[in-house]
2 protein chains.
Amino acid sequence: MSDRTARATKTRKRTRIQVVNEEKILEAALEVFARYGFKGAAVDQIAAAAGMSKPNLLYYFRSKKALYIAVLRRTLEMWLQPLEDIAAEGDPEAEIRDYIARKVAFSRSHAVESRLFAMEIIQGAPILKEVLETRLRELVEDKVRVIEAWVAAGKIAPVDPHHLIFTLWASTQHYADFDAQIRALLGAGAEDFYLSADDALSDLLLKGLLPRP
Amino acid sequence: MSDRTARATKTRKRTRIQVVNEEKILEAALEVFARYGFKGAAVDQIAAAAGMSKPNLLYYFRSKKALYIAVLRRTLEMWLQPLEDIAAEGDPEAEIRDYIARKVAFSRSHAVESRLFAMEIIQGAPILKEVLETRLRELVEDKVRVIEAWVAAGKIAPVDPHHLIFTLWASTQHYADFDAQIRALLGAGAEDFYLSADDALSDLLLKGLLPRP
DNA sequence: TGCTTATTTTTCCATTTGATCAAAAATTAT
DNA sequence: ATAATTTTTGATCAAATGGAAAAATAAGCA
């Protein structure tokens with residue numbers, strides 16, 4: 001009836017070894033997929049990074065694609081979290097500052113996940129497209145309404161909510177995705193630079209470039 | 001002494017066929033490399049997209065890597081152009097509005113180039129690292145000084161020039177790199193949306209989110 | 001303990017991939 | 001037209017790749 005192998009994580013309870021190994025694999029896969037994309041990543045390479053043989057890896061995940069999907073599913077959840085936390089009732093300035101802080105923190109602590117996500121989107125989102133069109137879309141529409149309400153109440157300047165959301169995503173994510181470029185430009189000073197990112201970004205987006213009277 | 005094959009574009013004058021074919025190859029390679037990255041792209045695939053056989057493609061470009069470098073070199077030039085055009089003497093607001101307009105236009109007209117560039121950086125910039133550390137670095141330092149002068153003169157609010165430059169890059173480039181995501185979220189309305197991008201972005205970054213008195 | 005299941009390794013295979021080369025075809029120059 | 005050159009192709013190779021099967025080993029549990 002159902003799968004007899006250890007991969008059948010749905011039906012049977014997961015073994016201790018299973019939990020450990022799947023974790024090791026997912027972590028290694030994240031790294032490799034983020035750097036080389038789906039096609040460019042080699043199962044052998046992932047297995048080596050996870051400290052096991054290729055057949056053994058394929059014992060835990062049926063196929064390269066199944067593994068890719070598993071890694072991506074996880075990543076998406078993390079990626080969505082900060083946006084879900086934006087509250088309609090809160091003070092706009094505080095909410096946005098917090099959102100930026102959360103996103104920048106995510107870009108720092110989960111830079112690899114961020115890059116994997118970017119990689120998937122650049123490749124046309126073959127796997128994530130469906131989720132983007134349904135779940136993310138609803139979530140975004142929800143937050144668009146929040147922003148529209150803020151605008152209507154005169155709490156923030158009249159901005160197109162979608163452009164605002166995309167700018168927030170872009171500017172915060174940049175610190176993870178273009179890390180290599182930032183390091184090439186700033187050299188050793190990059191680490192300190194990152195610390196000032198969320199304040200600098202918040203100030204720029206909230207107060208704008210033109211001097212305030 | 002020197003290469004006798006058609007690839008020796010340095011020594012001999014380029015044939016008509018050579019010019020045409022190299023152009024076709026570079027275009028096809030751009031597309032494929034941008035979608036699959038260096039490792040993920042197959043020479044065969046590029047050759048097919050260029051309408052020729054694989055050995056024939058390799059007759060024009062010695063190796064996959066040589067082709068990748070050629071494509072990347074071109075792309076970098078295009079990518080740098082808008083930044084070089086920022087003038088120190090100009091009015092800051094106008095200069096930044098123009099820069100945003102140029103970058104957004106580039107993201108629209110050369111979305112594939114933009115994605116290739118992003119792909120290379122995400123993968124750690126193995127080929128571009130050197131250029132980033134030298135030429136781009138000098139260029140950025142130059143523009144940093146321009147921005148610092150604007151701040152010192154009180155023409156714009158006190159911002160960290162690096163953060164400003166990165167935010168400009170990120171927010172404009174996002175429209176190309178995350179095109180798949182934007183389309184998933186906006187559906188058919190995406191096309192119109194893009195038209196409003198540079199004004200929306202300029203207003204947001206110049207005036208900020210908080211209402212002005 | 002023995003029996004069952006879970007895990008790992010060894011071996012193998014069919015494709016795909018980047019690359020080469022000699023010969024054929026097409027183009028250009030004389 | 002004929003010779004010289006450039007372009008294209010077909011055959012082929014060695015390495016890498018995703019995956020399957022089977023055999024060997026280790027856990028878990030009655």
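Because the structure is predicted, anything quoted here is derived from the model rather than measured. The sequence lines fix the lettering, A, B, ..., with proteins before strands; numbering per chain opens at 1.
- Residues meeting the side chain to side chain contact (heavy atoms under 4.5 Å, CB included) test with A:D98, sequence neighbours left out: A:R102.
- B:E93 and B:W150 form no side-chain donor-acceptor contact under 3.5 Å, judged by distance and modelled atom types alone.
- Here B:Q18 reaches the OP1 or OP2 of D:dT7: one of its side-chain N or O atoms lies under 4.0 Å away.
- Residues from residues 45-56 of chain A with heavy atoms under 4.0 angstrom of DNA chain D, sorted by number: A:K54, A:P55.
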Tabulate protein N/O versus nucleotide N/O from nucleotides 24-26 of chain C, keeping only pairs under 3.5 Å, one per line.
none

Using a cut-off of under 3.5 Å, enumerate the N/O to N/O pairs linking the protein to nucleotides 24-28 of chain D.
from, atom 1, to, atom 2, distance (Å)
D:dG28, OP1, A:R16, NH2, 2.4
D:dG28, OP2, A:R16, NH2, 3.0

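- A sub-4.0 Å separation between OP1 or OP2 of D:dT6 and a side-chain N or O of B:Y60 is absent.
- No engagement by B:A66 is indicated, since no non-hydrogen atom pair under 4.0 Å with the nucleic acid exists.
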Stepwise side chain to side chain contact (heavy atoms under 4.5 Å, CB included) test for A:R115 and B:Q123: CA-CA 9 Å; A:R115 283 196 285 269; B:Q123 300 188 349; over 6 Å; no
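- B:H110 is linked by a ring-ring contact (aromatic ring centres under 6.0 Å, His included) to B:F106, counting only residues two or more places apart in sequence or in another chain.
- Judged purely by distance below 3.5 Å, without hydrogens or angles, the side chains of A:D179 and A:Y194 pair a donor atom with an acceptor atom.
- Note: CD1 (A:I25) to P (C:dT7) measures 11 Å, nearest angstrom.
- Here CG of B:L168 is found 13.0 Å from NE2 of B:H163. Values are rounded to the nearest 0.5 Å.
- When the P atom of D:dT6 is taken as reference, atom CG of B:L57 falls 19 Å away, rounded to whole Å.
- The phosphate of D:dT7 has OP1 or OP2 within less than 4.0 Å of a side-chain N or O from B:Y59.
- B:F38 has its side chain within reach of B:F33: a pair of non-hydrogen atoms, C-beta onward, lies under 4.5 Å apart.
- In this structure, a donor-acceptor pair under 3.5 Å is absent between the side chains of A:E113 and A:T75.
- For B:R135, the salt bridge (Lys or Arg N to Asp or Glu O under 4.0 Å) partners are B:E77, B:E84, not counting sequence neighbours.
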